[in-house]
Each structure stands twice: as C-alpha cells, then as structure tokens.
Amino acid sequence: MAAKIGCQARLWLRETQDIGRILPTVCRELAVAGYQGLEIGFAYINNPDDIAAYRKAVDDNGLRTAGIHVGGAWHDPDVVRDSAMPQARAAADFAGSVGAEYLVISTGRKQDGQPTQAEIGVQVAHLTELCAYTAGKGVMPLLHNHQHEFVDGARVFQGIVSGIDAESLGLCLDINWAMWAGADGVAVLEEHYSRLRMVHVRDTLNNAACVEVLGEGDVALDEVFSVLRARDYPHWALYEWSACDQTTDRSTAEIARLNQEFLRHSLS
C-alpha cells in the first residue's frame, strides 16, 4: 500500500498569517500540486463552528484532512486547566466534525530547564485524558515531537510513549527535530514504527538554515525514506515548512509542487 502524501498548511505562512482566510486557495493549490491531504493547526481555523465552509474548501478539492494540530504545556497543571485542555478538546471536536484522521498533539517546552520525572508523569496523565476524549470523537490522537523531547537521551519522549500504550496514542514523528537533537533518525523510526502514523519532513543546510524545497539542503533524508520504503509504509508523510527567510523566488504553489514530487519519488 502506497504512502499518503500531504502538506502542512503552514507553508502558506510565507504569504499571510491568516491561513484560515485563504484556506480555499491553499486547498486548491495543494490539489493542483498532487497532494492527497493536508494538516492544519487548529489555531489557523478562523471559525471552528463553520464546519461546512472548512469541508467545502477541503472536499471540493478532493483532499483529506490528515490531521488537526494542537499544542499545550502538558506538564503545567494550571496551563492545562485554563487553556491547553479546553483548546485541545475543541480541536478534537472540530477534528471529528470535519472527518480528520488524527489529532496531532505537541507538547510545550518547559522554559526553565528540562521537565522532572514528576512533570513527565503529569504530562502522561493529561495526555491520557486527552487521548480518551479524542478517541470518543472517532479520531486517533498522535504525539508530535519537537527537539526538546529528544534531548537528554530522549527522556521526555520515552517517558510519554512508555506511559501511554500505542493503541491509545500513535506517533507523528517529526524526524528532523529528533535528528537535530542528536537522535539516530533511522533507529527512532525502527524502534517506534508500530506506533507511526505520520512523518513530518523538512530540509536544512548545516543543521541550521532552512531551505524550502526538500533535497536542496544537506539532511540525509534518503536514509529515512529507505526505512519507510523497505516496510512499504502506508500512512502519511507530510512536508512541513519551517518559519525562515525565503530561500527561493519560487511561488508557494511551486514549492508545494516540488515537495510533493520529492516525497512521492522518495517513497516509491
């Protein structure tokens, strides 16, 4: 079964901070570029109550919603109570209403050092609660990592995945963030492949300066794709743009097309 190729809507931050306003254009350009679906941050949905408008933008262009993305400082009980959990539940409600496959969940970085083991336990408890709520909406929750979960021997990442079973919480592996923290990307993929439902991919030069088109940087992406090809990976692979200075005079639509072609070729 072939992998499903998608794109994070944040690529259009190159053009506007109001992605919700131009969502029909985003979806049209994704469809023309050959993508099967998109992931979008819940924060970019201007009116979560207007399900029909969202579905029209996506469905009329023959796309699927791979995931709705939401974050939270899950180690902080006050933040979770006041904002993170209410927003995440609203995102899960929206994901269920628009037929999204996944709720993609990021964990906020602790600002004053690394989380203690007790704080990792708090994260696990809050994420377990959110997973149960999300599953009740017919949507599978996925853990999305950044760099901070993989520093210090991936202590935070390992604490979460060992604390919540794979049937309750899948994995959206942001392979670049893991590698930039010093992790062996191939080893991470192989160890957690059974939990994997989504992969985020981007490229950089010298581990720092981002490039907007996959393959134009120096990240060893083929080592990652070789693992997925060998296992006939059937789930989502998405291009995710990083906020950076524009590195090309190509249009956003052209960048989307080139990255779709790179992903399709790399996974076939």
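Source: prediction; values computed, not measured.
- The backbone N or O of Ser268 sits nowhere less than 3.5 Å from a side-chain atom of Arg229 that would complete a donor-acceptor pair.
- Using a distance-only test at 3.5 Å, with no hydrogens or angles considered, no donor-acceptor pair links the side chain of Glu101 to the main chain of Gly99.
- Looking at Asn259, its side chain never comes within 3.5 Å of a backbone N or O of Val213 through a donor-acceptor pair.
- Taking the charged nitrogens against the carboxylate oxygens, Arg250 and Glu216 do have a contact shorter than 4.0 Å, which makes a salt bridge.
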Show, in sequence, the C-alpha distance, side-chain angles and deciding distance for Phe262 and Leu221, and conclude whether the side-chain contact (heavy atoms from CB on, under 4.5 Å) test is met. CA-CA 11 Å; Phe262 183 95; Leu221 293 175; 3.9 Å; yes
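- Hydrophobic clustering (ILVMFWY, side-chain heavy atoms < 4.5 Å, transitive): Leu169 and Phe42 are in one cluster.
- In the hydrophobic clustering of ILVMFWY residues, with side-chain heavy atoms under 4.5 Å counting as a link, Leu189 and Tyr233 come out together.
- His235 NE2 to Arg231 CZ: the interatomic distance, rounded to the nearest 0.5 Å, is 11.5 Å.
- Leu103 is not listed as a side-chain neighbour of Leu142, based on a closest heavy-atom distance of 4.5 Å or more.
- A salt bridge between Glu149 and Arg155 is absent, with no side-chain N of the basic residue lying under 4.0 Å from a carboxylate O of the acidic one.
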In sequence, state the C-alpha distance, the side-chain angles, and the governing distance for Phe150 and His148, and then conclude on ring pair (Phe, Tyr, Trp, His ring centres under 6.0 Å). CA-CA 5 Å; Phe150 274 87; His148 61 87; 9.7 Å; no
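- Side-chain contact of Glu212 with Trp241: a donor-acceptor pair under 3.5 Å is present, judged by distance alone.
- Between the CD1 atom in Ile45 and the CD1 atom in Ile51 there is a gap of 9.0 Å [rounded to 0.5 Å].
- Inter-residue side-chain proximity for Tyr44 and His69 is flagged as unmet; no heavy-atom pair is nearer than 4.5 Å.
- Between His126 and Leu130 there is no side-chain heavy-atom pair separated by less than 4.5 Å.
- Shown here for Pro86 and Val80, the closest heavy-atom pair between the two residues is CD-O, 3.4 Å.
- There is no path of hydrophobic side-chain contacts, each under 4.5 Å, that joins Leu238 to Trp177.
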Walk me through it: do Gln36 and Arg264 pass the test side chain to side chain donor-acceptor pair (under 3.5 Å)? CA-CA 11 Å; Gln36 294 163 277; Arg264 181 67 62 193; 3.0 Å; yes
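- Between Arg55 and Asp60 there is no salt bridge, since no side-chain N of the basic residue sits under 4.0 Å from a carboxylate O of the acidic one.
- Side-chain N or O atoms of Thr65 include none that pairs as donor or acceptor with a backbone N or O of Gly67 at under 3.5 Å.
- Taking 4.0 Å as the cut-off between side-chain N and carboxylate O, Glu129 and Arg89 count as a salt-bridged pair.
- In plain terms, the two heavy atoms of Cys27 and Leu63 that are nearest each other are O-CD1, 3.5 Å.
- Ring planes of His200 and His144: tilted class, angle from 30 to 60°.
- The cationic group of Arg197 does not satisfy the cation-pi geometry with Tyr102, failing either the under 6.0 Å distance to the six-membered ring centre or the 45° limit from the ring axis.
- A distance of 10.5 Å separates CG of Asn46 from CD1 of Ile22, quoted to the nearest 0.5 Å.
- Within the 4.5 Å cutoff, the side chain of Ile5 has no heavy atoms near those of the Tyr239 side chain.
- Contact check for Ser168 versus Asp165: side-chain heavy atoms found under the 4.5 Å cut-off.
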Using the rule given for side-chain contact (heavy atoms from CB on, under 4.5 Å), can you reason through Met179 versus Gln147, listing the C-alpha separation, both sets of side-chain angles and the distance that settles it, and then say yes or no? CA-CA 8 Å; Met179 293 167 69; Gln147 189 171 9; over 6 Å; no
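- Scanning both residues, Ser106 and His146, for their nearest heavy atoms gives OG-CE1, 3.4 Å.
- We find the CG-OG1 distance between Leu13 and Thr16 to be 8.0 Å, quoted to the nearest 0.5 Å.
- Cluster annotation: Leu143 and Ile68 are assigned to the same hydrophobic cluster (Ile/Leu/Val/Met/Phe/Trp/Tyr, side-chain heavy-atom contacts under 4.5 Å, transitive).
- Annotation for Trp74 and Ala84: closest pair CH2-O, 3.7 Å, computed over non-hydrogen atoms.
- You'll find the side chain of Glu119 stays beyond 4.5 Å of the side chain of Val156, heavy atoms only.
- Not one N or O on the side chain of Asp203 forms a donor-acceptor pair closer than 3.5 Å with the backbone of Leu214.
- Smallest separation of non-hydrogen atoms from Ala256 and Tyr35: O-OH, 2.7 Å.
- More than 12 heavy-atom neighbours from other residues, nucleotides or ligands sit within 6.0 angstrom of CD on Glu190.
- Between Phe94 and Tyr54, the ring center distance clears the sub-6.0 Å criterion.
- Looking at Asn61 and Val32, their side chains never come closer than 4.5 Å, going by heavy atoms from C-beta outward.
- By the rule that hydrophobic residues join a cluster once side-chain heavy atoms approach within less than 4.5 Å of another member, Val161 and Tyr193 end up as members of one cluster.
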Show your working on side-chain contact (heavy atoms from CB on, under 4.5 Å) between Val58 and Val98 and close with a plain yes or no. CA-CA 9 Å; Val58 176; Val98 302; over 6 Å; no
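- Between Arg64 and Glu39 there is no salt bridge, since none of the side-chain N atoms of the basic residue sits less than 4.0 Å from a carboxylate O of the acidic one.
- With contacts defined as side-chain heavy-atom distances shorter than 4.5 Å, the pair Leu38/Leu23 qualifies.
- Side-chain atoms of Asp93 and Tyr133 include a donor-acceptor pair closer than 3.5 Å.
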Could you walk me through whether Phe157 and Leu171 pass side-chain contact (heavy atoms from CB on, under 4.5 Å), step by step? CA-CA 11 Å; Phe157 179 80; Leu171 177 61; 3.7 Å; yes
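- With respect to the salt-bridge test (charged N to carboxylate O, under 4.0 angstrom), the residues Arg257 and Glu254 qualify.
- Note that OG of Ser194 is 8.5 Å distant from CD of Glu167, once rounded to the nearest 0.5 Å.
- For Pro115 against Ile120, the heavy-atom pair with the smallest separation is CB-CG1, 4.1 Å.
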